[in-house]
Amino acid sequence: MKYDHKKLEKKWRSFWESEEVFKTEELSDKPKFYCLDMFPYPSGKGLHVGHPRGYVATDVISHFKRMKGYNVLHPMGWDAFGLPAENYAIKTGTHPRKAVEKNIDHFKEQLDSIGLSYDWEREINTTDPEYFKWTQWIFVKMFKKGLAYEGTLPINWCPSCKTGLANEEVVDGLCERCDSKVFKKDIRQWVLKITKYADRLLEDLRDLDWPDSIKQMQENWIGRSEGAKIIFKVKEMDENLEVFTTRPDTIFGATFMVVAPEHDLVEKSLDQGLIENNTEVIDYVEQSRRKSDLERTELSKEKTGVELKGLSAINPMSGEEIPIWIADYVLGSYGYGAVMSVPAHDQRDYEMAEKYDLEIRRVIEGGEIPYTGEGKMIASDKFNGLPSSSGREKIVEELEKNKLGEKTVNYKLRDWIFSRQRYWGEPIPIIHCEKCGAVPVSEDDLPVTLPDVKKYEPTGTGESPLSGIDDWVKTICPECGGSGKRETNTMPQWAGSCWYYLRYIDPKNDETLIDPEKESYFMPVDLYVGGAEHAVLHLLYSRFWHKFLYDIGVVSTKEPFKKLKNQGLIMGEGGIKMSKSKGNVVSPDEIIDKYGADVLRLYEMFVGSFEDEVPWDEEGVVGMRRFLERVNSIRIGEKEDRELLGLLHRTIKKVTSDIENFKFNTAISSLMVLTNEMREREEVSKDIFKDFLKLLAPFAPHFTEELWSKFERDSILNSSWPSYDKKVAEKNKVFIIIQVDGRFRDKVEVNKGISENEVVEIAESRERVEKWLKGKKIKKIIFVEDKLLNFVT
RNA sequence: GCCGCGGUGCUGGAAUUGGUAUACAGGGCGGACUUAAAAUCCGCUGGGCGUAUGCUCUUGUGGGUUCGAGUCCCACCCGCGGCACCA
């Protein structure tokens, strides 16, 4: 039976709005459930069919939890700072704020048309001064705790975006946003000391209910490695050359040293005129400085380097003098930017030694050189014969005694480059004063808002477009009252999303960031759903900020997101990524117009495993429409039906556990099975049908409201989730599989709980089984109650 | 190179965690209704042999464990994602 989805969906959406069905209670006796989507960047393109997959899933769960009696917080907002709005402003001269407003209106309309149950009274927007006041407030707090500092550092510079980038924003040496090659450039930067939290970020990962892949990515990104700092004296200078190694046990095999081209020692020794091959060294350093990150890693196949002729290092254990080289395979930014090279036991050092004909000396027994495994120590003076694992400890102990080394831990994680030389971001709330240095804006003067500018173009000189606005830049130093200049760099796109989940809990509070009572009721986020692409960006940054907020007493939980799920991408037809240039973008609008929002919702949940990537297939969409129409054609009556009731209860059990486990596709298929069964009946009792509607309601809320309204006046979404009765659900007859030698031969229907002997008796009397047993001796009988009987001959 | 995930009909995908492989849906084929088409409804739909009750083969490949393997173990092939000179 056909139904008019447009009329019906409109009717129920306005009903939900006027009845405030989705309003979250502020503080309630009910248990809470905080169900969060990663909020979108409201782009000018609008939603495509892939976005709602996660939103529908959280919506299904929100309805489900609401029906189960939870006070559900399910909010939505906008992550609206960032480059696209700014680039659009450059192109068209429209203020980014205008473009953002327009895009938000469009996004909101699209989300509403899907029937998502957001509590819009809690909507937030990261570009709203009332919001970013608190983003700036957190920055000021970090500054005061010494976690935000200024420095001139070689940073990743994107020549096309004309701004510095964080390490996390550089993918394969390319800008994450525009795919330009990224270069190193020395610029004055604001940096956040995320490294101070490295251990806690690693530690607390363990207890999170997150996908293993994401946890592992964060673990690798933090990259903790235990080892030792060892000091090699430079013979010709009063300098210590510090290195980090995880293998102090191989120290007697160190036949040369390698420092990064940007290492201090290079400049110092050149200055002191100690280097014999001056020009060669200068050339090499220049060359590697000019290479982009990509080129430096692309050329990784073959090692390059230059010896610092005239210098030598002294091995602190053996006293041996060894040459010092520069090579760009050693990174200036990891450890101490220098290594002791043990070519016999390290792949890279081995390649270097082979190329430049340097000595390779085995000090660990084991396989073929370069041998990187453990083994007995040899050619290592008094440590000979020790296994490498304990020799390592012994050597570090001795170095510690002589103050020539110590145990230490190193991380791959670097501090977070936090400033961007662009317009459309939160101004960094700092005032530079000649007398007092960098001074934070007083908390009472927050927010520092963005001034209007005429030109949004980045200057490209390493300064933000804000630096041209004298009226805005010139201000008074909050400390001494003298003249000061505002910081003109802005925060990166990720700043606002680091803490937004907190603001939904208390969106209008202008006294504090969040009311503590509300915070302790609603936090942590129980379920967080979004794409996996944020694994080491947003998901790491927000954990860092959250831990900081925990330390200063703003939040009561150590971690923000208890459970995380990543939705798989929806690809274009044929499995290629949807994109404008390929012309294969499907908009939810057209699907909703043609088939209805409930059909879109059902299809997105039915296509495949939630976390897997799936291709979009419009032919599959019609199946969902047919399903709803079949439900619509079921005849309702009063007739009791034990068998159908049993199936209903099995379906309740299945749908309940499937929703809890994100197996939406099989939940829907079991609802289809029940529907097919109901359609075969003359009529279906009202009670069974009503429970069925409740199970379908989270997936198809508009459609089920309409059918429900024939029985009840209140919203079906306010009804309570049906409970499952084990006694009703269980069948009293079961099929038992009869096998001979593990092969299926027959099945028999018997009473539940029947004994082995009885089954054997029945089975042996069956012609189909007898045929296979004839002339054979039964060696063994395997019996699984209510399931299977196997004769082994 | 290292780490993680995966490989099941024509397609998207199920499989109670070791117990009838291919649920559910799409597509295809045949039929009903119709002047006709769409929609709808009914039936069939992994391969081979067979009119058929049926037999047999089949979950990337090869081996193994087991009464019994898509599921567990070993080796390999292919695809996807991440990291990548991290000392």
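Per chain, numbering begins at 1; letters A, B, ... match sequence-line order. Below, each value reflects all heavy atoms present in this structure, side chains not excepted, and no hydrogens, waters or symmetry copies.
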Just call it for [X]: base, sugar-phosphate, or nothing, with non-hydrogen atoms closer than 4.0 Å on any strand.
| X | answer |
| --- | --- |
| A:Glu613 | sugar-phosphate |
| A:Arg650 | nothing |
| A:Asn665 | sugar-phosphate |
| A:Asn676 | sugar-phosphate |
| A:Ser670 | nothing |
| A:Gly623 | sugar-phosphate |
| A:Arg625 | nothing |
| A:Lys229 | nothing |

If pairing requires Watson-Crick or G-U wobble contacts with both distances under 3.5 Å, which nucleotide is the partner of [N]?
| N | answer |
| --- | --- |
| B:rC2 | B:rG82 |
| B:rU40 | B:rA32 |
| B:rC49 | B:rG54 |

Measure from the side chain of [X], starting at C-beta and using heavy atoms only, and say which of [options] lies closest.
| X | options | value |
| --- | --- | --- |
| A:Tyr334 | B:rA87, B:rC67, B:rU56 | B:rA87 |
| A:Arg626 | B:rC57, B:rU20, B:rU40 | B:rU40 |
| A:Val330 | B:rG12, B:rA87, B:rC24 | B:rA87 |
| A:Arg679 | B:rA14, B:rU20, B:rC41 | B:rC41 |
| A:Ile782 | B:rG27, B:rC67, B:rA39 | B:rC67 |

Under 3.5 Å: donor-acceptor pair, side chain of A:Tyr356, backbone of A:Gly305:
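Judged by distance alone, yes, a pair lies under 3.5 Å.
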OP1 or OP2 of B:rA87 versus the side-chain N and O atoms of A:Ser225: is any pair under 4.0 Å?
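Yes.
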Would you say B:rG82 has OP1 or OP2 under 4.0 Å from some side-chain N or O of A:Asn220?
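Looking at the OP1 and OP2 atoms of B:rG82, neither is under 4.0 Å from any side-chain N or O of A:Asn220.
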Measuring only the [atom1] atom in each nucleotide, how far is [N] from [M]? A whole number of Å is fine.
| N | M | atom1 | result |
| --- | --- | --- | --- |
| B:rU51 | B:rC77 | C1' | 43 Å |
| B:rG43 | B:rG4 | C1' | 46 Å |
| B:rC2 | B:rG18 | P | 30 Å |

Roughly how far, to the nearest 0.5 Å, is CZ of A:Arg745 from CD1 of A:Ile737?
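Answer rounded to 0.5 Å: 13.0 Å.
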Name of the residue among A:Ile231, A:Leu399, A:Ile395 meeting side-chain contact (heavy atoms from CB on, under 4.5 Å) with A:Pro316:
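Result for side-chain contact (heavy atoms from CB on, under 4.5 Å) with A:Pro316: A:Leu399.
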Torsion-based syn/anti label for B:rU53, 90° from 0 as limit
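For B:rU53, whose glycosidic angle is more than 90° from 0, the conformation is anti.
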Evaluate the ring planes of A:Tyr603 and A:Trp616, with Trp represented by its six-membered ring, and classify them as parallel (under 30°), tilted (30 to 60°) or perpendicular (over 60°).
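The arrangement is perpendicular - the two ring planes meet at more than 60°.
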Report the distance from atom OH of A:Tyr329 to atom C1' of B:rA87, rounded to the nearest whole Å.
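About 8 Å, once rounded to whole Å.
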